[in-house]
Amino acid sequence: GRELFFALPGEVTDGHCFVDSALKNDAAAAVIHQPTTFPVDAAVVEVDNTLDALHNLTRAIRLTTPQNLIAITGSVGKSTTKELLTAMLGRRFRVAASPGNLNNLYGFPLALMSIDQDTEWMVAEMGMSSPGELGEVSRLGRPDVALFGNVREVHLEFFGSLRAIADAKAELLLGLNPEGLIVANADDVEIRRFLRSRREQVIWYGIEQPAEYTATEIQALPNARCGYRMRLHHGSESSATIDLPLYGRYNVSNCLAAATCAHTLGVSFEEIGRGIEAVRELPGRGVVHKLVGGATLIDDTYNSSPSALAAALESAAALSAPRCWVVLGDMLELGERAQSLHYEAGRLATELGFSPFAGVGELAQESVQACIDRGLEAVWFATAADAAAAVPEWVQPGDVVLIKGSRGVGLEVVARAILKSGGQV
C-alpha cells in the first residue's frame, strides 16, 4: 500500500524539507506542522505537532494490533534475544518482530505500523538514550510481556552510574499491562533490585542464581561447529537438550531468556529447539568467518562496551588456536571513566593471551599502553581505515582474530579488508 509521510523535526534535517519530494514519489498524504511546499493536488494534514500525531496514530493502531506484544530491554543482546524469541514463537503463533533497532520514540511507531493486522505476538526491542524515554516508548507499546535481559555500563556518559541505567530500564514497567508478565534475569543484581516489589509477576531465568528456568551442562558444540549445547530446565518439571548455533557464551543467556519467555507462553522445548535451528548471527554481532589457510575471523564490530568486550575476549580465547589476536576500537559513551576502562580492557586482553594487539581510535591508546606496559606487541591506529590497510598482513594460518569496537569507530572496514585478503572458505 501507499505510505503516509510524517514531517518530523530532526537534529540535523527537518522532515518538512522532504514533503514535496515524498508526495511526488507516491506518498498517499503528508502530515505537517509548519508551512511547507507541496504539490497543488496533494493530501496534506496539518497538526500542532507531527511527533505527537505519530504517537496518537500509534496508540490507535495498538488498540487492535498486534494481539499481544513482548518488549525486550537490556544493555546488550536485545537484538539477538529478539531474533531467538521470534523464531521460537514462530513455531506456534503468527509472529512479527521490530526490524533492525527501531526501538525508540521514532522507531517503535514505524515498527508497529509495518506489521500485519493479524499478528498474534509482536516481539519489539525497546531502548533509551536518556531518562524518561523508555517509559514513553513503553506507554506507546503497552507490552503484555516485559523481558529484562541485563544492565551494563552502556551510556555511562549520559546516566553516570549503573544504578541510574537500571532505573531507566525499569521504566519499561510503566506501560506494562497490569495483568502482564515479567521475564527477568536472576543473574543480574540491578534487575533483581528493581523488581523486588513485583515478585508475584516475575518469571526468573538464570545460570548462576537460582531461578525457575535454568541452563546446565553448557558445552561447545561437537565437530568444530560454532555454538553451544545446553540442557534447559523448567524447575523440576521438564528439561531438554538444545543446540544453539551462535558464537559467544554470552548468547547462552540470551537463548535462555528467549526460551523462558516462549515456554511460558506455551511453546514446547521441542519447538523451541527447532526454532533455534533457523537462527543465524546478526551482521557484526559475533559472525564467525573461516578463512583460507585455517584462520578464523570473529566480526563483532556492531558495538562495544566493557562487559561486552570482556565476554567477547573470553569467548574468543576459549577457541583452541595457536595464536589469538584482537583489533579493539574505542568504546564510546563511557564518560569520565573512559580512559581507565580502556586501560583495563588492554590489561584483560593481555591476561587472556591476545597478541598482537591493535587499538583503533583515541581512547584505544590507553588499551595499547596497557599491553606495552606488560611487554606485549601492540600497535595503535588513529582510524579504522589505517588499521584496514595494515592488519590483514598479520593473519597467519590457524589464527583466531577478534574485531570489536563501538559503531562510531567503523571497524567493519577492517573485517572486510581481512576477508578480502584472506578469502573465505
Side-chain angles (χ1 to χ4, degrees), residues 1-66 69 71 78-79 82 96-119 122-143 155 157-158 168 171 174-175 282-284 302-303 332-333 384-385 406-410 412-413:
R2 295 176 68 198
E3 295 182 348
L4 177 63
F5 181 82
F6 280 82
L8 299 174
E11 288 181 16
V12 180
T13 319
D14 194 302
H16 289 83
C17 300
F18 304 100
V19 170
D20 189 56
S21 170
L23 289 165
K24 286 174 178 172
N25 283 286
D26 211 31
V31 182
I32 64 170
H33 67 215
Q34 66 190 45
T36 189
T37 307
F38 51 84
V40 176
D41 57 349
V44 176
V45 181
E46 188 166 2
V47 296
D48 290 336
N49 182 294
T50 48
L51 185 58
D52 288 347
L54 178 65
H55 290 169
N56 288 336
L57 179 57
T58 302
R59 291 185 192 98
I61 290 170
R62 181 65 187 97
L63 292 173
T64 57
T65 307
L69 187 138
K78 288 190 296 293
S79 295
K82 177 187 70 180
S98 53
N101 58 352
L102 293 180
N103 61 17
N104 60 14
L105 287 164
Y106 296 87
F108 174 72
L110 302 180
L112 183 71
M113 291 175 198
S114 70
I115 68 170
D116 292 338
Q117 281 184 293
D118 67 349
T119 299
M122 179 182 184
V123 185
E125 288 182 53
M126 289 192 178
M128 75 340 174
S129 53
S130 59
E133 185 178 7
L134 187 54
E136 288 188 63
V137 182
S138 178
R139 288 189 186 98
L140 280 180
R142 294 188 298 107
H155 306 311
E157 183 180 352
F158 307 114
E171 292 173 18
L174 296 175
L282 293 164
Y302 178 77
N303 221 334
L332 305 177
E333 299 182 2
S406 285
R407 262 175 293 178
V409 186
E412 60 273 9
V413 301

Heavy-atom donor-acceptor pair, [X] side chain to [Y] backbone, under 3.5 Å:
X	Y	answer
Asp116	Thr119	no
Asp14	His16	yes
Ser98	Glu125	yes
Lys24	Pro39	no
Ser406	Leu332	yes

Open item on the list: For a 4.5 angstrom cut-off between non-hydrogen side-chain atoms, does Gln34 reach Pro9?
Closed with: no

Which atom pair, heavy atoms only, marks the closest approach of [X] to [Y]?
X	Y	answer
Leu102	Gly107	CB-O, 3.4 Å
Gly141	Arg62	O-NE, 2.6 Å
Tyr302	Pro283	CB-O, 4.1 Å
Ile32	Ala7	CG2-CB, 4.3 Å
Ala27	Phe5	CB-CB, 4.3 Å
Val413	Ala384	CG2-CB, 3.6 Å

Mind listing the side-chain donor-acceptor pairs of residues 41-49 below 3.5 Å, one per line with the distance, residues two or more places apart or on another chain?
from	atom 1	to	atom 2	distance (Å)
Asn49	OD1	Leu51	N	2.9
Asn49	OD1	Asp52	N	2.9

Nearest-0.5 Å distance that lies between atom [atom1] in [X] and atom [atom2] in [Y]:
X	Y	atom1	atom2	value
Leu105	Met128	CG	CE	12.5 Å
Leu112	Leu140	CG	CG	9.0 Å
Lys82	Leu282	NZ	CG	7.5 Å
Leu110	Phe6	CG	CZ	9.0 Å
Leu134	Phe108	CG	CZ	11.5 Å
Leu8	Tyr106	CG	OH	6.5 Å

Open item on the list: If the condition is side chain to side chain contact (heavy atoms under 4.5 Å, CB included), which residues does Thr65 pass it with, not counting sequence neighbours?
Closed with: Ile61, Ile115, Gln117

TODO: List the steps, then state whether side chain to side chain contact (heavy atoms under 4.5 Å, CB included) holds for Leu4 with Met113.
DONE: CA-CA 11 Å; Leu4 177 63; Met113 291 175 198; over 6 Å; no

